[in-house]
Every structure is written in structure tokens, then in C-alpha cells.
Protein chains: 2
Amino acid sequence: MAERRLSTHDIAKRAKVSIGTVSNVVNGSTKVREELRVRVVQAMDELGWQPNALARGLRMASSNLIGMIIPDITNPFFPSVVRGAEDVLSLHFHRIILCNTDNSSTKELGAFSDLRSFNPAGFLIIPSVDSGIEPMITQYKKPVVFIDRSPANWKGDSVKANNEEGSYQATKHLIVRGHRRLAIITGPLRSSIGCERLSGFQRACKEAGLQIKSEFQQEAQFTRDSGYLAARNLISMLPRPTGIFASNDLIAAGTLIALREAGLRCPQDVSIVGFDNLDFAELTDPNLTSVHQPAYQMGKCAARLLIERIKQFDRPAEQLVLPTELRTRSSVCTIAVERPLPSRKKAAAQPR
Amino acid sequence: MAERRLSTHDIAKRAKVSIGTVSNVVNGSTKVREELRVRVVQAMDELGWQPNALARGLRMASSNLIGMIIPDITNPFFPSVVRGAEDVLSLHFHRIILCNTDNSSTKELGAFSDLRSFNPAGFLIIPSVDSGIEPMITQYKKPVVFIDRSPANWKGDSVKANNEEGSYQATKHLIVRGHRRLAIITGPLRSSIGCERLSGFQRACKEAGLQIKSEFQQEAQFTRDSGYLAARNLISMLPRPTGIFASNDLIAAGTLIALREAGLRCPQDVSIVGFDNLDFAELTDPNLTSVHQPAYQMGKCAARLLIERIKQFDRPAEQLVLPTELRTRSSVCTIAVERPLPSRKKAAAQPR
DNA sequence: TGGTAAATGTGAAACATTTCAGATAACGAG
DNA sequence: CTCGTTATCTGAAATGTTTCACATTTACCA
């Protein structure tokens with residue numbers, strides 16, 4: 001008895017029908033007389049057959065694989081996104097091939113090119129910081145949805161969080177609590193996210209009439225180590241900032257560590273607001289006030305958009321911007337106002 | 001000009017060779033005269049062709065995909081494992097299809113069966129708590145490596161951490177610091193991991209002559225919420241345990257929260273040791289003492305074993321057990337000994 | 001120069017599907 | 001009974017590879 005894999009032919013033979021009929025039963029594309037359908041299904045069960053996804057993908061010039069390209073699954077923001085995507089995609093019988101780029105645009109290009117050879121039904125991409133993938137994508141003419149960040153003047157589908165507004169809220173929070181010497185540790189300013197978060201920060205500062213010293217704006221990677229270094233710079237300056245907006249929670253974590261090492265207390269000496277609201281935010285010492293970003297939802301929405309585009313390629317593009325929300329905890333304290341806010345509106349000189 | 005995809009034939013035609021030669025050039029399997037090789041490579045570049053992975057997989061009855069089945073990428077222990085695996089696999093031109101099971105053996109079976117239709121080169125599996133996948137695997141006769149946990153009497157390759165020893169160390173740590181009323185929040189005792197960690201705990205207790213009240217052994221899931229509930233139970237008992245061994249860091253995190261809610265101080269009122277040494281351990285309030293598990297290494301090792309087995313299916317199985325290591329931080333304090341250790345060895349009555 | 005062995009090149013067949021043009025069966029109407 | 005129509009089935013062709021038996025070329029030597 002030869003150790004051969006089963007094929008449509010075997011099912012056809014056993015059910016005494018043609019291979020075409022088997023295919024029709026499997027795909028439900030064409031009407032099949034009930035009697036035959038039952039015979040086929042029975043044969044499938046008896047032989048324990050399941051269709052070969054590779055052959056199908058080859059023939060149809062499109063598999064049910066989805067290429068998902070992300071910077072680094074190890075960065076705690078991304079797993080939720082991936083999970084959200086998978087939860088939606090699996091309902092539609094799609095599977096995810098996952099690739100990490102480490103924010104290297106070379107790896108990103110390589111991954112994309114590699115994945116194409118599987119004729120995936122589409123792509124979900126969280127682009128690297130200075131991604132040069134956009135030309136390749138538009139030329140490729142297959143469904144792609146960008147998540148979290150998208151290339152400059154990308155015209156297709158995308159899902160992101162409202163970074164500008166989130167940062168604005170975060171900064172405002174510090175200002176309202178009386179902080180005047182504000183600092184920001186930005187992400188890479190080559191990335192749209194980095195810029196947007198900086199811009200929200202600046203808007204809040206400007207609105208409050210605060211001038212930010214240029215040394216108080218430090219650029220970092222979105223990593224803990226990089227945040228740690230930037231924070232060390234920041235807290236060595238005198239007078240020190242009393243409030244730091246960290247452009248993501250990893251940076252905030254690095255900042256927390258730098259503070260601790262320097263013997264400074266958070267929030268009394270330096271208050272911190274983060275961004276992302278990662279799980280650990282409510283465990284840190286002190287609990288980290290952070291801007292919540294709906295990572296899981298972002299994954300879900302992106303997957304839904306992708307599915308829609310797979311169904312119908314020429315539909316209008318959607319660029320979703322999901323709301324963020326400040327989660328206040330104990331890493332920010334209220335401080336006595338050093339010099340009053342230069343009041344633009346009426347000066348509400350409330351007696352303490 | 002028809003919008004057709006390129007195939008070996010196109011390359012062959014342009015390079016004026018046969019398709020067989022093109023294949024030989026691509027795979028380097030047979031010697032090809034340098035002159036022809038150059039012509040072929042040139043043709044490939046000019047046309048921008050890359051082989052179709054589906055067709056190849058179909059023909060060879062094996063793709064370069066690896067099915068990776070894990071409980072939940074959202075659980076911070078797993079991303080590192082996945083990443084470790086990918087880093088090794090990508091060197092060998094393998095790609096990962098990722099599936100989450102949520103610890104449901106049904107989903108696990110479904111995922112496995114689904115993935116098979118892609119003729120993957122092999123599988124990397126972190127089985128669900130009560131996985132029933134083993135029979136299907138052994139019958140399937142393709143490379144599989146289990147990670148972190150493996151089915152009872154699994155005879156193939158596997159990679160895990162030394163759970164028993166790690167827990168033993170963790171517990172010993174508490175005991176040495178003077179804790180006598182010890183409690184454990186176990187993982188699910190249907191899982192090998194849960195049992196092994198319990199068993200290390202028990203060994204340390206027995207060795208120290210400690211009797212553990214049965215209420216002081218609470219079973220939980222490996223999640224924060226579940227840990228939180230178990231911890232609430234535990235700290236409502238009087239006299240309270242002074243030291244809790246949490247079977248993983250998520251449980252420890254839940255415990256930390258329960259403690260905080262109950263107005264109890266950690267470590268003074270209750271000390272905690274976790275397991276996994278997740279990134280957040282050095283950020284928590286207080287910093288969490290935890291048993292480090294080499295997650296990234298586990299992924300790497302598993303991938304290496306898988307590669308070896310793909311190369312040579314009938315090689316002896318390897319069951320790797322990687323060492324764990326206690327990382328002491330501030331969630332454990334030394335307490336005055338309430339009643340002395342019933343000394344089994346010589347009573348070293350050191351003053352103080 | 002002719003002959004042989006070694007090196008290299010060739011292309012039909014196979015892999016497991018889907019598709020689709022044409023075959024067949026069933027049925028009513030005339 | 002025949003014809004036309006509808007409903008259903010059929011199987012060859014096509015998808016893009018690799019393989020391998022065979023053909024062709026090259027290299028070498030007498």
C-alpha cells in the first residue's frame with residue numbers, strides 16, 4: 001500500500017463522481033444534487049481528506065495566507081495588534097505569516113518580497129520607522145492595510161490611533177496639575193508617530209503659553225534602553241523638568257529606572273506620563289499614568305478592512321483613526337504653581 | 001500585453017535554456033555551466049522573477065512554512081519564544097504561520113489540522129494546558145518540537161525550562177529569608193508546568209520541614225486576573241501567609257494588585273516570588289523577585305532542533321531542559337524567624 | 001581522427017487543485 | 001416520439017514548480 005497523499009481524485013473515485021463534482025462540493029460554487037453531495041462528503045470523511053492549500057493557492061493565484069509584517073513581536077504593544085488581527089482573520093479562514101523587521105527597512109522589504117512568493121491574499125503591515133515600502137506596495141496591486149503608522153501620502157486603507165490628540169491630553173494633564181517645566185522624550189522624528197506625538201505635546205504647551213527649552217526635547221527610540229538614556233540626559237539638567245511626557249510606555253519605563261537610579265522620586269521630583277497604556281502600567285512603581293491606545297481593536301479593524309478589500313478590490317479607501325484615552329494613575333502629582341500660567345482666558349485667581 | 005505572472009518558462013525562454021536548467025540554477029542542485037548560470041541569473045533580474053513558493057511546496061510535498069501553535073501571543077512570555085524561533089528559522093528560509101489556541105485543545109487540534117493543508121516543513125508547538133494533540137502528531141509523521149510543556153510520555157524533541165528546580169530555588173529563597181508560613185498559587189495542575197512548579201515548592205518545604213496547610217495551596221490559571229482572585233483568597237486567611245510563591249509573573253502581578261487593594265504592604269506584610277522574570281518585573285512596585293526563564297533561548301533551541309529534524313527525520317530525539325535562575329529584587333524581605341527551623345542538619349545557631 | 005567517459009542540458013511528467021466548455025440526463029411541450 | 005430547455009456532471013487544461021531518464025556536448029586519449 002503506497003504511502004501517497006490523498007487527492008481530489010481519490011475522493012472522486014470512492015464517491016463515484018468526477019473530480020469536478022468533488023471540487024463543487026468542497027467550494028459550494030455550483031449546485032450539486034443532494035445524493036451526490038452526500039456521497040462525496042461521506043467519502044471525504046471515510047478517507048479523512050482535506051484539500052491541499054498549496055495546490056489551491058497555486059491554481060487560484062491566491063492563497064488564504066495573510067502576510068503580517070511588524071517591527072518586533074517582543075515589543076509589548078504589538079502582540080495585541082496581532083491577536084486582534086488573527087481573531088478576525090481566522091473567522092474568514094485566513095492564516096497569518098508573521099515577520100519581524102526590527103524596524104529595518106531592508107528586512108521589511110525582504111520580508112515583503114519573500115511573502116509574495118506565497119501568493120498571500122493580502123498584507124497587514126506595521127511599517128518600520130523609515131519604511132521605504134510604499135512604492136513596492138502600490139505597484140504590487142494586492143490588498144494591503146497599514147497599521148499604527150502609514151507611509152507619507154499613503155492613499156489606501158489604514159488604521160491608527162489618534163496620536164496627536166492623545167499626546168495633547170497627556171501634556172495637558174501635566175499642565176493642569178501645575179507643571180511648567182515640561183520635557184518630552186520623543187520617538188524617532190523620522191516616524192510619523194514620533195512627530196504626531198511631539199506635535200500634540202507642542203500644541204498643549206503653546207496653548208498654555210509655555211516655552212519649551214530645546215534641551216528639554218530629547219529624541220529616542222521607542223525602547224526602554226533608549227528611553228533610559230534620554231531620561232538620564234534630561235534629569236541631569238538643572239533646573240530639572242518637573243514633568244516628562246514619554247512618547248511611549250517603554251520610554252517611560254526607562255525613565256522610571258533612570259529616576260530611581262538618580263535617587264529621584266516619582267512623582268514628587270519628576271512626574272511622568274507615558275503612551276500606550278501597556279499592561280505593566282498599573283504595576284509600575286509608581287503606577288504609570290498613560291495614554292491608552294486600543295491595540296487589540298486596531299488589529300481587529302485592520303483585519304476587517306483587509307477582508308473587505310479582498311472581497312472587493314476597488315472600494316474606497318478607509319483611513320481609520322481610533323480614539324485614545326488618558327488613564328490617570330500615580331506617576332503625576334500636583335505641584336504648587338511656580339509662576340502662574342500666563343493667562344490667555346480670564347485669570348481665575350481662585351484663593352487656595 | 002497580458003498581465004500574467006512570470007514562471008520558470010519565461011526565464012528559460014529569455015535565457016535560452018530549458019526550464020530544468022533554470023531550476024538547477026535556482027536550487028544549485030546540479031552543476032550548471034557558468035555561462036548559462038549567468039544568463040539565467042541575468043534573465044531573473046531583468047524580469048524580476050522569484051520562484052512561486054506554492055508551486056514548489058506542492059511539487060515537493062513540503063513547503064518552507066513552519067506551523068507555530070501557541071496559547072496566546074498576548075501573554076508576555078510567548079513573544080520572546082516566537083521571536084527566538086523566528087530568528088533561527090529565518091536563517092534557514094523558513095517562515096512562521098502563527099496560531100493562538102487560548103489553551104483550548106479544540107482550537108489546537110483545529111489549528112494543527114488546518115496548518116497541515118499547507119504541507120509545512122514542521123511544527124513548533126507550545127501545547128495548551130490539557131492538550132490532546134499528541135496522538136495526531138505521532139500519526140502525522142512530520143517534524144514537531146514541543147516547547148515549554150510537552151504531552152505526557154512524549155518521545156520526540158522538546159525544549160523546556162527547569163521548572164522544578166526554579167521553583168525550588170524560589171521557595172528556598174523565601175525560607176532562607178525567614179518565611180515559614182508559605183503559600184503557593186499554582187498554575188493549572190492538569191498541566192505539567194503547573195505540577196512541576198508545585199513539586200519544586202513542595203520539595204523545598206519538605207526539606208525545611210515545613211508543613212503547608214492545604215488552604216495555602218491555591219490553584220489558578222496562568223493569568224493576572226486568576227492570580228488576583230487566588231491571592232484574595234489567600235490573604236483573607238488568618239494567620240496570613242508571609243510569603244507567596246506565584247507560579248508565574250502574571251499571577252504575581254495579580255497578587256501584587258490584590259495586596260495593594262487590601263492595604264497590605266509588599267514585602268513587609270507579604271513577600272512574593274514570581275516565575276518567568278518578565279520584563280515588567282523590574283518595574284513593579286515593589287520590584288518583583290522572580291525566576292528567570294530563558295524564553296528567547298527556548299525558542300531558538302526549539303527551532304534548531306526542528307531544523308535538524310527536518311534535515312534528518314530519523315535522528316535520536318533530544319529533550320532539552322534549560323536552566324532557570326533566580327533574580328532577587330525587593331518583593332521579598334527578611335523577617336524575624338517566628339519559630340526556628342526544625343533543624344535537620346546541625347543547628348547553626350548563629351547569633352543574630 | 002575517432003572513440004569513450006564524464007559533464008551538462010533537456011523537457012515530459014507529476015504534484016493537487018479549479019475552471020469551463022461541452023456532454024448527458026430529465027422533463028415538458030407540441 | 002422528437003425537440004428544446006434546464007439542470008447537473010464530466011474531465012482536459014492550466015497553475016508553476018522539481019525531477020529524472022535521456023540526449024547532447026565536451027574533454028581526453030590513443
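Below, chains carry the letters A, B, ... as their sequence lines are ordered, and counting in each starts from 1. As the structure is a computational prediction, the values presented were derived from the model and not from experiment.
- Judged by distance alone, the side chains of B/S18 and B/T21 do bring a donor and an acceptor atom under 3.5 Å apart.
- Between the CG atom of B/N24 and the P atom of C/dT10 there is a distance of 10 Å, rounded to whole Å.
- Of the candidates C/dA16, C/dT18, D/dT18, the closest approach to any side-chain atom of B/R56 belongs to D/dT18.
- Where B/R33 and B/M60 meet DNA chain D, the nucleotide closest to each residue was compared, and B/M60 sits on the side nearer the 5' end.
- Under the 4.5 Å side-chain criterion, counting only non-hydrogen atoms from C-beta, B/I193 is in contact with B/F222.
- Among the protein residues, A/V26 comes within range of no part of the nucleic acid, since none of its heavy atoms lies under 4.0 Å from any strand.
- Residue B/S7 has no polar side-chain atom (N or O) positioned under 4.0 Å from OP1 or OP2 of D/dG16.
- At C/dA16, none of the side-chain N or O atoms of A/T8 fall inside 4.0 Å of OP1 or OP2 (strictly under the cut-off).
- When heavy atoms are screened at a 4.0 angstrom cut-off, B/Q50 is found touching the sugar-phosphate backbone but no base atom.
- B/L36 comes within contact range of the sugar-phosphate backbone alone, with a heavy-atom separation under 4.0 Å but no base atom that close.
- With C/dT19, C/dG11, C/dA14 as the candidates, the nucleotide lying closest to the side chain of B/R59 is C/dA14.
- For B/I19 and B/L58, each mapped to the nucleotide of DNA chain C holding its nearest heavy atom, the one lying further toward the 5' end belongs to B/I19.
- Between A/F112 and A/Y140, a ring centre-to-centre spacing shorter than 6.0 Å is recorded.
- Residue A/L54 contributes atom CG, which lies 10 Å from atom C1' of C/dC15 at whole-angstrom precision.
- Salt bridge annotation for A/R37-A/E34: present, with a cationic side-chain nitrogen under 4.0 angstrom from a carboxylate oxygen.
- Taking only side-chain nitrogens and oxygens, B/S18 never comes nearer than 4.0 Å to OP1 or OP2 of C/dG9.
- Between B/N27 and D/dT18 there is a side-chain N or O to OP1 or OP2 distance below 4.0 Å.
- Considering only the side chain of A/W49, C/dT17 comes nearest among C/dT17, D/dT10, C/dT10.
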